[in-house]
Each structure stands twice: as C-alpha cells, then as structure tokens.
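Structure first, then comments.
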Amino acid sequence: MEKFVTRGQNKHSCANDARSPQKRMKLESDERIKEEEEEDATLAEFSHPVPWQKIEAEDLDCDYALLFSKEEADHLFKQLEEEVVYSTGEEAKVQVFGKVYNIPRKQATYGDADLTYTYSGVTRLAFPWTPTLEYIRDAVTKTTGHTFNFVLINRYKDGQDHIGEHRDDERELDPLCPIASVSFGAARDFIFRHRDARGKQTRRQIEPVKLELAHGSMLLMNSPTNTFWYHSLPVRRKITLPRINLTFRSIVVDRKK
DNA sequence: AAAACTTCATACCA
DNA sequence: GTGGTATGAAGTTT
C-alpha cells in the first residue's frame with residue numbers, strides 16, 4: 001500500500017487565528033486577563049496535550065489530532081449508536097440522472113433550530129442537538145476555538161459503505177470557517193484530490209493526499225482546502241466494522257428565504 | 001454540474 | 001510466475 005502522507009510538526013496557522021489550535025478559543029471578551037484565565041481552564045480540561053499533525057499541500061491546510069482517548073471514544077461511539085436517528089425511506093435514497101439509488105451510507109443532520117441541509121437537491125431540517133452531540137461539539141470548540149451550528153453525521157456500516165469524491169457545499173457554508181471531521185469506530189482511509197488533477201485533461205500533476213482517520217480523531221479542514229480539494233472515503237472490502245463520522249460546520253443563515 | 005454505479009487496467013498478495 | 005481480488009481512474013447516466 002502506498003505510504004500515507006502525514007507531514008509537519010505541531011505548528012498551526014489558520015485564516016482566523018495564528019495560535020495553536022489547543023490554545024485558541026472563542027474570543028468573547030476584550031479583557032486580556034479574562035482571556036488568559038479561560039485559556040488555562042481550556043487547557044486544564046485536556047490533561048494530555050493534544051499532539052497535532054499539520055497536513056499541508058498546495059491550497060490544502062488541515063490539522064489532525066486524536067481528540068478523545070480510546071476509552072472515551074468507545075463510550076461516545078456507543079452513545080451515538082444508541083441515540084442518533086438516521087434518515088430512512090425516501091430520505092435514504094438519491095436520484096442521479098433519473099435513476100434512484102440507495103445512499104451507500106446512513107445520514108443524519110443535527111443543529112440549531114431551523115437549520116437545513118441540502119443534499120443532491122433535497123433539503124431537510126436539522127434535529128435539535130442531543131447531549132452527546134453537544135458534548136462532542138463543545139470538545140471541538142474548546143480545542144479549535146471555532147463554534148459550529150450544525151453537524152452532518154455519516155455512518156458507514158462496513159468497508160462497502162463509502163462516499164464518492166466531492167467538496168462540501170460552499171453555497172451554504174461560511175467559506176472561511178473550518179470544517180471539523182470527528183471519527184469514531186473503524187479507521188478508514190480518506191483521500192484528497194486537487195480539482196486541477198481530476199478528469200481527463202488533468203491540467204497539472206498534483207499528488208493526492210491520503211490519510212487514515214482513526215477512532216476518536218479530529219481532522220480540521222481549514223480554508224481554502226475545501227475550495228480546491230475534493231475528498232472521498234473509498235471502499236475498503238476488508239473492513240467489517242462500522243464508522244461514524246461527524247462533520248461540524250458553520251452554516252450561514254440565508255435571510256432571503 | 002450533480003453523485004451514484006459500472007467498467008477496465010493495473011497493483012497487490014499468497 | 002500465476003490466479004484471484006482489491007483498488008482507482010475513467011466512462012455512463014438525464
């Protein structure tokens with residue numbers, strides 16, 4: 001198997017904040033002293049410092065870390081398996097050029113009141129946050145400093161479940177806010193491909209960036225990654241166990257509606 | 001373009 | 001080296 005790319009040290013850079021992810025936080029206060037107190041409190045909640053890996057390529061900027069211990073990740077996975085309600089019936093199908101297919105994974109959407117998610121032309125309402133989802137969301141916010149109003153959950157029951165190459169819909173997302181992808185269960189390969197290196201007339205030779213997303217991990221996809229890079233979760237026939245992925249996003253509320 | 005599936009050439013493994 | 005299988009890129013579809 002090809003070597004997976006995981007380069008770089010623990011340095012961090014982001015469009016919104018140049019500090020390291022674990023030290024960044026929501027800037028609600030003008031007072032520096034209060035800010036430092038909050039920073040101490042934030043760090044104290046994670047007894048083991050999170051070792052970050054910076055993943056970089058042309059137009060690509062991601063941070064990867066193990067956010068939860070194995071024990072905590074096991075517990076959260078179990079909770080999610082009990083609590084999350086996935087789409088069924090017509091909502092679990094997708095129509096492509098007139099043909100109807102079962103989506104090769106299960107999907108659920110949770111978030112702040114009245115937020116909607118559109119997939120392949122179909123819009124549906126987010127369920128209200130559950131305590132487990134709020135806990136994970138808040139852990140992500142504490143380590144990244146970014147807040148999120150929505151999460152898309154994808155459950156891949158085994159290695160046959162997958163998702164094809166795509167970018168996350170830029171129209172309804174704040175393009176400057178990162179997307180935080182938290183994984184539980186079976187580790188799966190995750191592939192980035194640059195938009196200029198796809199299709200027949202591949203304009204440029206740009207190597208794909210390949211990662212493995214582990215149980216309890218978080219992948220932060222910073223701007224402008226999602227503009228230039230497609231990503232996919234390919235089939236892996238030997239994998240027999242499920243994976244649950246949560247992608248936390250910041251959806252811009254469209255007042256025109 | 002969308003987002004699935006299918007096809008086919010190549011890579012990999014025992 | 002060989003055969004079976006897994007992978008990934010390209011093709012197909014309205």
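Side chains are part of it too, since the values below use all heavy atoms of this structure and drop only hydrogens, waters and symmetry mates. A note on names: the letters A, B, ... follow the listed sequences, proteins ahead of strands, and every chain is numbered from 1.
- Atom OH of A/Y135 is surrounded by 12 or fewer heavy atoms from other residues, nucleotides or ligands within 6.0 Å.
- Straight-line distance from the CD1 atom of A/I163 to the P atom of B/dC5: 11 Å, rounded to whole Å.
- Between the P atom of B/dA1 and the CG atom of A/D168 lies a distance of 18 Å, rounded to the nearest Å.
- In this structure, A/K238 places its NZ atom 8 Å from C1' of B/dC12, rounding to the nearest Å.
- The nearest whole Å value for the distance from the CG atom in A/L152 to the P atom in B/dA3 is 12 Å.
- A/W229 places no side-chain N or O within donor-acceptor distance of the main-chain N or O of A/P208, the cut-off being under 3.5 Å.
- If you find the closest nucleotide of DNA chain B to A/H162 and to A/Y230, the one lying nearer the 5' end belongs to A/Y230.
- If you check every strand for non-hydrogen atoms under 4.0 Å, A/R167 touches nothing.
- Using a 30° and 60° split on the angle between ring planes, A/F192 and A/F190 fall in the perpendicular class, above 60°.
- In this structure, A/D74 pairs ionically with A/K70, as a charged nitrogen and a carboxylate oxygen lie closer than 4.0 Å.
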Nucleic acid footprint by protein, nucleotides 8-14 of chain C - heavy-atom cut-off 4.0 Å, B for base, S for sugar-phosphate alone = SSSS-BB
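- Between the side chain of A/R188 and the main chain of A/P242, no donor-acceptor pair closer than 3.5 Å is present.
- In this structure, A/R171 places its CZ atom 13 Å from P of B/dA1, rounding to the nearest Å.
- What separates CZ of A/R237 from C1' of C/dT7 is a distance of 8 Å, to the nearest Å.
- Put simply, the side chain of A/N226 gets close to the backbone of A/D168: a donor and an acceptor are under 3.5 Å apart.
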